[in-house]
Amino acid sequence: MASDTVTAKADPASARDERPRRAKRFGGSRLGGLILALNLLSLLILFVGALALNEWQRGLIEARQETLKAQAEMLVRVLGEPQIGVTRGAPTPYLDSIEASRWLRDNFIPEGQRARLFDVDGIPVADSFEVTEAIPGEPLPAARPAGTPEVAPNPKAIAGKARQLEDARLALAAEVEGALEGQTQAQVRTNEMGDRVVSVSLPVRHVQQVLGVLTLEAGDVDETVGAQRRALMPFALVALAVNLLGSLLLHLFVARPVMRLSAAADEVRLQRARAISLPDLEGRKDEIGDLARSLESMTETLSARMDAIEAFAADVSHEIKNPLTSIRSALETLPLVKTEAQREKLTALLQQDVRRLDRLITDISNASRLDAELNRDRPRVVDLTVLLSDIVSVYEAGRKPGEARVVFTPPEGDHAFIVGRDGPLGQVFRNLIDNARSFSPADGEVRLTLLRDEIDERAIHVRVEDDGPGIPAETLETVFERFYTSRPRGTAFGANSGLGLSIVRQIVEAHGGTVRAENRPGDDGPAGARFEVALPAAPTNRRP
């Protein structure tokens, strides 16, 4: 039936991939691992880039400070020597501000740097900006047309500028004060123009006496930081590309397949198909492939169940029509009957057909509820020895004269455990016993034997044997079909619906077992029928 089922497909059909699933990785999820890896990779790129650039920025500033410190040490060593005429006075030396300013002008005018000299009281005596073209300040605004009214200065801007100048002055004064105490100072601070500068301040000494302070500044910190920010852009772009790639992969490998599965499920829901079939997704070895295979298996099972229900409905309709047709014929004939004997015969036939209908409806109701009972009842460990002993004791307690006895032979060890549902399993063995007793001679015997498989220890067998006429060889498999009955002469017509053995097979297969029928060999043919049920034994660790 599955081969005739219409399937919902998003692209051309191909053979279903039945390859075994591989072991999952990344904590049990392939797609989860891929998503996590891509996100972590993008974050790692940014993190490594930020660390690298921070180290680079710190290294550049430290290297710049070391360079300025080396230059300043050379200059203060020269300024502290009286031979060049900058340091004067004996026995108390002092720094000649005029000569020091001239000396700085003649010997130190580097581009991009600023040198300032302070005396022993922290008063500035020389500034390299005063003798170079590097004049601090801001460019003048463009000239306004004649007659344009003057714009009043912004008080907040003036106050902010004044506060900026005061902060820069205080920072410089603190640095100079620290150098006057004989300690070399190095820091990154803001100058009068609001720019960040790398600054070092060293004391000018003559022997051990501090004569003043030399401060060197390099104002290329912002350019360095800007260069570093530009250097960060490739890392950010790579991280962005990785995120975009991750989003694209998630769309291609997750979003689109889920959308296709959803569309195929809608096709099934709208009854344009009976099963889902997406071979390219079923071949994937991740959660999407598992989902596609599970959905296909589920829809195929549902389709097979629907086919079985349709076939069951057709069989039920056929079986019910027979007694209904017989009843209709009897009722149509009843007014034409003239003798009382004929009337009683028709009445007996009607009663027989009514009993047959009642039996059919009861068995059909039991069969239709079977799936619901199997799904509702949770499997648990069942001791077949106890279950069969209880069933046999009930039969023996209610046995009437002339009915066959039921004898139970337990296995060696007295216990046999399986995992199943005791209610449906009890129905299996009651149906087999009822079937065997219906074929047994008066005061005969039905034997139940519980034994373990000598070859496969994981299987437990239950045999039900009778002393009846046996089963025709050509119907050993047919007896398990729905509504099949084959009774010897003399059996009451309509006493059996033909669903008992069909229910047996359905329940046994739902428990992962098998059931088969065979004849017991005798001297002149079959000595009776034998039904054997094989069920998987419960694992040792699940036994009570």
Side-chain angles (χ1 to χ4, degrees), residues 58-136 162-221 224:
R58 188 181 301 111
L60 287 176
I61 293 176
E62 291 177 354
R64 194 65 168 146
Q65 288 176 339
E66 292 297 328
T67 301
L68 291 178
K69 190 182 295 184
Q71 294 177 355
E73 288 175 350
M74 180 183 66
L75 292 175
V76 298
R77 191 178 301 115
V78 175
L79 289 172
E81 295 294 334
Q83 288 81 2
I84 66 171
V86 175
T87 302
R88 301 178 182 277
T92 303
Y94 66 93
L95 195 64
D96 189 336
S97 60
I98 298 176
E99 291 299 327
S101 178
R102 289 176 180 173
W103 188 87
L104 284 176
R105 178 194 63 192
D106 297 337
N107 296 279
F108 186 81
I109 309 180
E111 184 178 357
Q113 294 184 17
R114 182 179 185 180
R116 283 188 278 192
L117 189 61
F118 300 86
D119 62 13
V120 72
D121 296 321
I123 300 173
V125 297
D127 191 342
S128 63
F129 274 13
E130 296 177 357
V131 292
T132 65
E133 296 180 355
I135 301 175
R163 186 165 53 252
Q164 174 182 308
L165 292 174
E166 181 64 17
D167 293 341
R169 185 187 68 78
L170 292 176
L172 178 60
E175 183 178 334
V176 172
E177 183 179 354
L180 287 174
E181 295 177 357
Q183 301 294 328
T184 300
Q185 303 293 315
Q187 64 177 343
V188 178
R189 56 181 174 81
T190 304
N191 62 11
E192 297 87 346
M193 283 77 73
D195 300 328
R196 290 202 307 162
V197 294
V198 178
S199 174
V200 295
S201 294
L202 275 72
V204 179
R205 288 189 176 93
H206 178 69
V207 188
Q208 294 296 327
Q209 184 176 356
V210 176
L211 306 179
V213 173
L214 177 66
T215 300
L216 293 184
E217 300 175 1
D220 55 355
V221 177
T224 302

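Sequence positions, counted from 1, serve as the residue numbers for this chain.
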Legend entry - Minimum heavy-atom distance P203-A179, with the two atoms named: CB-O, 3.3 Å

Inset, instruction - Search all heavy atoms of G122 against all heavy atoms of V176 and return the closest pair with its distance. - result: CA-CG1, 4.2 Å

Spatial distance of atom [atom1] ([X]) from atom [atom2] ([Y]) [nearest 0.5 Å]:
| X | Y | atom1 | atom2 | value |
| --- | --- | --- | --- | --- |
| T215 | L172 | OG1 | CG | 6.0 Å |
| L117 | I123 | CG | CD1 | 12.0 Å |
| L180 | L211 | CG | CG | 10.5 Å |
| E217 | E175 | CD | CD | 7.5 Å |
| D167 | N191 | CG | CG | 12.0 Å |
| Q113 | R64 | CD | CZ | 5.0 Å |

Inset, instruction - For the residue pair S199 and R189, establish whether any side-chain heavy-atom pair is separated by less than 4.5 Å. - result: yes

Inset, instruction - For residues V198 and V188, determine if any side-chain heavy atom of one lies less than 4.5 Å from a side-chain heavy atom of the other. - result: yes

Inset, instruction - Determine, step by step, whether R169 and E166 satisfy the salt bridge (Lys or Arg N to Asp or Glu O under 4.0 Å) criterion, reporting the C-alpha distance in whole Å, the side-chain angles of both residues, the deciding distance to 0.1 Å, and the verdict. - result: CA-CA 5 Å; R169 185 187 68 78; E166 181 64 17; 2.6 Å; yes

Inset, instruction - Using modelled atom types only, decide if a donor and an acceptor are shared between the side chain of R205 and the backbone of G182 within a distance under 3.5 Å. - result: yes

Inset, instruction - Using atom types as modelled and distance alone, determine if a side-chain donor or acceptor of D119 lies under 3.5 Å from a backbone N or O of D121. - result: yes

Legend entry - Over 12 foreign heavy atoms within 6.0 Å of CD, Q164: yes

Legend entry - Sole candidate of L216, L202, V200, L214 that passes side chain to side chain contact (heavy atoms under 4.5 Å, CB included) when paired with Q71: L216

